[in-house]
A.B. asks: 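Below is a structure I'd like to ask you about.
Just so we're clear, the structure is a prediction, and the values are computed from it rather than from any experiment. Chain letters run A, B, ... following the sequence lines, proteins first, then strands; residues in each count from 1.
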There are 2 protein chains.
Amino acid sequence: MLTSTSYIVLGLVDWIGEATPYELKQRIAETVGNFWSVPHSQLYAEPARLTASGHLSERRERGGRRRRLFSLTDHGREALSAWRSQPADDPLPELRDPGLLRLFFGADPQAIARTRLHAHQEKLRSYEERLARDSGAPPRGPWLALEAGIGHEREWVRFWAQLAAPTSDPIAG
Amino acid sequence: MLTSTSYIVLGLVDWIGEATPYELKQRIAETVGNFWSVPHSQLYAEPARLTASGHLSERRERGGRRRRLFSLTDHGREALSAWRSQPADDPLPELRDPGLLRLFFGADPQAIARTRLHAHQEKLRSYEERLARDSGAPPRGPWLALEAGIGHEREWVRFWAQLAAPTSDPIAG
DNA sequence: GGGGCCATAGTCCGAAACATACCATATGCT
DNA sequence: AGCATATGGTATGTTTCGGACTATGGCCCC
């Protein structure tokens, strides 16, 4: 059975055309890794599995490092396309924020909020920068994902800012 | 070394006083599990580890099912309190939304958006209901976590709604 | 009072995932 | 030539994860 990691690999190979695990690693780092990271060791293990199951085909560089180059088979292309057009009835994602966990179990809100706030502001800034850089360029998918990321970072900033600055109490004014 | 799962267990045992794994499972389901779930098999394995490391102590029910009852040791209480007051310099959480992944790799936004939208609306509704039920009751931690959850669910609803209804295009009006 | 059923309660296990350390090759600089 | 750095890949020991499986107790109904 294919996992999300499988589809990340299939999707990227489709995107790049023919790729080595190392290239996948680099692409992920600057794109999808922002909302779904994959440890690099998986990027060697997963293509091997996908080759065994007939979703990818493998070719070996002739000289040099003799790197493995993977590309989609018809079977792989079908699987990817079926996945794309499947209803997204997956379970909803969890927040899984360690800071929130501490908060839940009684940590001091202000203390947590201050460090978290900075980190999220930074992240938000980097996303907005990227949005400004490559706004409008197709395809639309990565752009929409970035929009989603920005929305959630804004929400985190709002949330932590409100806890970091207790003066903004809606009752006290 | 203690993991997030460890602290969830320690935190809940602190909260409940003395608990069996099964009770932990139930508490998690209705509280912290909303943003950080733990597979139930871990709730048998983790207390055993924590007992070995001296953070919990174990007692056996006398008759009946002879269930294991765990409670905090002083060592465990100290670890929990140290964790609570530690700066939250953990890595930021990832969205890891399967729907977003499909979107990223070219799925039809409207198709994905419609199913996701419903699911998030439902979730949001259930959170708001809970907020109305036990608003104000201390402790504050769970309540703040619920607030965070509501914020992010609202954000998801906003995001998917905008994709589900293409008429709200800001350019076309 | 005994049989069946449901909720409770717990164990077990193989397959992945993970972090991380290690190894190897190329490239360019001094 | 020697060395640092980035590139590229492998190997591996632990955890985690799901999910299948087992068992126990309480309760209702006949």
A.B. asks: Of B/Pro39 and A/Tyr22, whose closest DNA chain D nucleotide lies nearer the 5' terminus?
C.D. replies: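 It is A/Tyr22, whose closest nucleotide lies nearer the 5' terminus.
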A.B. asks: Provide, to the nearest angstrom, the distance between the CG atom belonging to B/Leu24 and the C1' atom belonging to C/dT8.
C.D. replies: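 Computing the B/Leu24:CG to C/dT8:C1' distance gives 15 Å.
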A.B. asks: Tell me whether the side-chain N/O atoms of A/Arg60 come closer than 4.0 Å to OP1 or OP2 in D/dG9.
C.D. replies: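 So the side-chain polar atoms of A/Arg60 never come under 4.0 Å of the phosphate oxygens OP1 or OP2 of D/dG9.
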A.B. asks: Can you tell me the distance, in whole Å, between the CD atom of B/Gln42 and the C1' atom of D/dC17?
C.D. replies: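 It is 7 Å, rounded to the nearest whole Å.
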A.B. asks: Mind calculating the distance between CD1 (B/Ile28) and C1' (C/dA9) to the nearest angstrom?
C.D. replies: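 That distance rounds to 15 Å.
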A.B. asks: Given atom NZ of A/Lys25 and atom P of C/dT20, what is their separation to the nearest angstrom?
C.D. replies: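 From A/Lys25 NZ to C/dT20 P: 14 Å.
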A.B. asks: Rounding to an integer number of Å, can you tell me how far B/Glu46 CD sits from D/dT15 C1'?
C.D. replies: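 So the two atoms are 10 Å apart, to the nearest Å.
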A.B. asks: Let me know, please, whether B/Arg49 or B/Ser41 comes out on the 5' side of the other along DNA chain D by nearest nucleotide.
C.D. replies: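 Its nearest nucleotide being more 5', the pick is B/Arg49.
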A.B. asks: Can you tell me if A/Arg67 touches the phosphate of C/dA26, counting only side-chain N or O atoms and a distance under 4.0 Å to OP1 or OP2?
C.D. replies: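 Answer is no, no contact under 4.0 Å.
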A.B. asks: Using whole Å, report how far CG of B/Leu43 lies from P of C/dG10.
C.D. replies: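 Answer to the nearest Å: 11 Å.
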A.B. asks: Applying a 4.0 Å non-hydrogen cut-off, can you work out what B/Thr3 is touching in the nucleic acid: base, sugar-phosphate, or nothing?
C.D. replies: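 The answer is sugar-phosphate, as B/Thr3 gets under 4.0 Å only of primed atoms, P, OP1 or OP2.
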A.B. asks: With a 3.5 Å cut-off and sequence neighbours excluded, list the donor-acceptor pairs that the side chains of residues 145-154 of chain A form with protein atoms.
C.D. replies:
from: A/His152; atom 1: ND1; to: B/His152; atom 2: ND1; distance (Å): 3.0
from: A/Glu153; atom 1: OE1; to: A/His120; atom 2: ND1; distance (Å): 2.6
from: A/Arg154; atom 1: NH1; to: A/Glu128; atom 2: OE2; distance (Å): 2.7

A.B. asks: Would you kindly give the CD-to-C1' distance between B/Glu23 and C/dG10, to the nearest whole Å?
C.D. replies: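 Those two atoms, CD and C1', are 14 Å apart.
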A.B. asks: Does B/Glu61 pair with B/Arg66 as a salt bridge, N-O distance under 4.0 Å?
C.D. replies: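 The answer is no: the pair does not qualify as a salt bridge.
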A.B. asks: Taking the side chain from B/Thr20 and the backbone from B/Leu69, do they hold a donor-acceptor pair closer than 3.5 Å?
C.D. replies: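 No; zero donor-acceptor contacts below 3.5 Å.
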A.B. asks: Rounding to a whole Å, what distance do you find between B/His40:NE2 and C/dA9:C1'?
C.D. replies: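 These atoms are roughly 9 Å apart.
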A.B. asks: Over 60° means perpendicular and under 30° means parallel, so tell me whether A/Tyr44 and A/His40 are parallel, tilted or perpendicular.
C.D. replies: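 Perpendicular, since the angle between the ring planes exceeds 60°.
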A.B. asks: With sequence neighbours excluded, tell me which residues meet side chain to side chain donor-acceptor pair (under 3.5 Å) with A/Arg130.
C.D. replies: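 Checked A/Arg130 against side chain to side chain donor-acceptor pair (under 3.5 Å); zero matches.
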A.B. asks: Measuring to OP1 and OP2 of D/dT10, would you say a side-chain N or O of A/Tyr44 lies under 4.0 angstrom away?
C.D. replies: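 No, because none of the side-chain N or O atoms of A/Tyr44 sits under 4.0 Å from OP1 or OP2 of D/dT10.
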